[in-house]
Visitor: 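I have a structure here, written as structure tokens, and I will follow up with some questions on it.
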Amino acid sequence: MTESLDSARMAGWRAYIEASQRLFTQLEDDLRADSGLSFADYHVLVLLSEAPGQRLRMGELADRLVFSPSRLTYQISSMRRRGLVARESCPADRRGNEAVLTAAGLLALREAAPGHLASVRRHLMDDLDDVEVATLTRVFARLGRRLRADRDASSTHSD
């Protein structure tokens, strides 16, 4: 009995992993087509947009992304070349650097967020229960409000 239960459980996990991989491949393709961002780019921009002063120490950013230092260095270098983030000296960090969100990075995030939400809805909503849909909707609504508030604050300061 336990053997059939274990194989049923393993088959369920395998199906879940395969469906997740297909879903994330499709979502990343959509995100890249809409905005030129990868999931890693998008995640970095979201974390920086939420950080005080829109900057994070590299060590903290690596921890939040669950990235190795070398992978983070590669990611930030790639995003710097495209002007999405800057890297500045930070004596408080043992690696001496922090990532800073640029105006171009914030704009890319603003432009990607609605498209990303539409893509998530298109690919995910049929597979989610009502509680999961409500949670995702709240997360994206909160991100949208924060981005609108940032935009309004920046346009007020530039007047």
Visitor: Just jot down the side-chain contact (heavy atoms from CB on, under 4.5 Å) partners of Ala86, sequence neighbours excluded, or say none.
Guide: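 Per chain and number, Ala86 pairs via side-chain contact (heavy atoms from CB on, under 4.5 Å) with Val100, Thr102.
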Visitor: Could you note down all residue pairs passing salt bridge (Lys or Arg N to Asp or Glu O under 4.0 Å) where residues 64-83 supplies at least one of them, sequence neighbours left out?
Guide: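 Qualifying pairs, neighbours excluded: Asp41-Arg82, Glu60-Arg64.
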Visitor: Taking all non-hydrogen atoms of both residues into account, name the closest pair between Leu56 and Ala51 and its distance.
Guide: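 In terms of heavy atoms, the two residues are closest at CG-CB, 3.6 Å.
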Visitor: What's the spacing between His43 NE2 and Leu65 CG if we round to 0.5 Å?
Guide: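 That separation rounds to 5.0 Å.
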Visitor: Could you measure the distance from the OG atom of Ser38 to the CE atom of Met79? Nearest 0.5 Å is fine.
Guide: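 Spacing of OG (Ser38) from CE (Met79) equals 7.0 Å.
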Visitor: As an exercise, state the distance from CZ of Arg87 to CD of Glu98, rounded to the nearest 0.5 Å.
Guide: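 Between Arg87 CZ and Glu98 CD, I get 11.0 Å after rounding to 0.5 Å.
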Visitor: Which pair of non-hydrogen atoms, one from Ala104 and one from Gly83, has the smallest distance, and what is that distance?
Guide: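 In this case the closest contact between Ala104 and Gly83 is CB-O, 3.5 Å.
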Visitor: Could you tell me which residues satisfy side-chain contact (heavy atoms from CB on, under 4.5 Å) with Leu107, sequence neighbours excluded, listed by chain and number?
Guide: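 So Leu107 forms a side-chain contact (heavy atoms from CB on, under 4.5 Å) with Glu111.
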Visitor: For a quick test of reading the model, state the closest non-hydrogen atom pair linking Gly105 to Leu45 and the distance between them.
Guide: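 It is O-CD1, 3.7 Å.
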Visitor: Leu84 versus Leu37: any side-chain heavy-atom pair under 4.5 Å?
Guide: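 They are in side-chain contact.
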Visitor: Tell me, please, which residues at least two apart from Phe39 pass ring-ring contact (aromatic ring centres under 6.0 Å, His included).
Guide: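 ring-ring contact (aromatic ring centres under 6.0 Å, His included) list for Phe39, sorted by chain: Phe24, His116.
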Visitor: For Ser77 and Thr73, indicate whether the former's side chain and the latter's backbone hold a donor-acceptor pair under 3.5 Å.
Guide: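 Such a contact is found between Ser77 side chain and Thr73 backbone.
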Visitor: Indicate yes or no: at least one non-hydrogen side-chain atom of Ile76 is less than 4.5 angstrom from one of Leu61.
Guide: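 In contact.
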